[in-house]
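Reviewing the structure listed below.
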Amino acid sequence: MVIRFQECTACSHRIYPVRAHCTRCGAHDLAIRESRGLGVVHSATVVRTHPEREFRAETPYVVALVDLDDGVRILCRVRGVEPGAQVIGARVQESSPADENSPFIFSPVHH
Ligand SMILES: [Zn+2]
């Protein structure tokens, strides 16, 4: 799934999630950009239980804030890592299924 963010045409500030105006200069002329889906884990936590059955079946899983190379920070899930393992600072790439309703899913970049 392509991650889209906004870029202010007045001051080039990048914005996520979508807003009606620039969060830095207040301009309303915002262009839509598409992320390349690469970034670095800023922080992470492990979800061990969930009130909704669909998500509970997948626990425990890792939820992280990822700083995309594009300059915005997003909330996503990280697959392919052990829950509780150190992932902060890890290089990750987006690997979500093409389902608009699912959360963004990232996995580590293997060199
Ligand atoms: Zn601006």
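For ligands, and for the atoms within them, numbers begin at 1 and follow the listed sequence.
R19 pairs by the salt bridge (charged side-chain N to carboxylate O under 4.0 Å, His left out) definition with nothing, not counting sequence neighbours. R73 pairs by the salt bridge (charged side-chain N to carboxylate O under 4.0 Å, His left out) definition with D67, not counting sequence neighbours. Every salt bridge (charged side-chain N to carboxylate O under 4.0 Å, His left out) that E34 has, sequence neighbours left out, goes to R4.
When atom types are taken as modelled, the side chain of S35 and the backbone of G37 share a donor-acceptor pair closer than 3.5 angstrom. Proximity of a side-chain donor or acceptor of R56 to a complementary backbone N or O of P51 within less than 3.5 Å is detected.
Of all protein atoms, those of element N, O or S that lie under 2.8 Å from the Zn ion (ligand 1) number 4.
We find that R79 and E58 are joined by a salt bridge, their nearest charged nitrogen and carboxylate oxygen being less than 4.0 Å apart.
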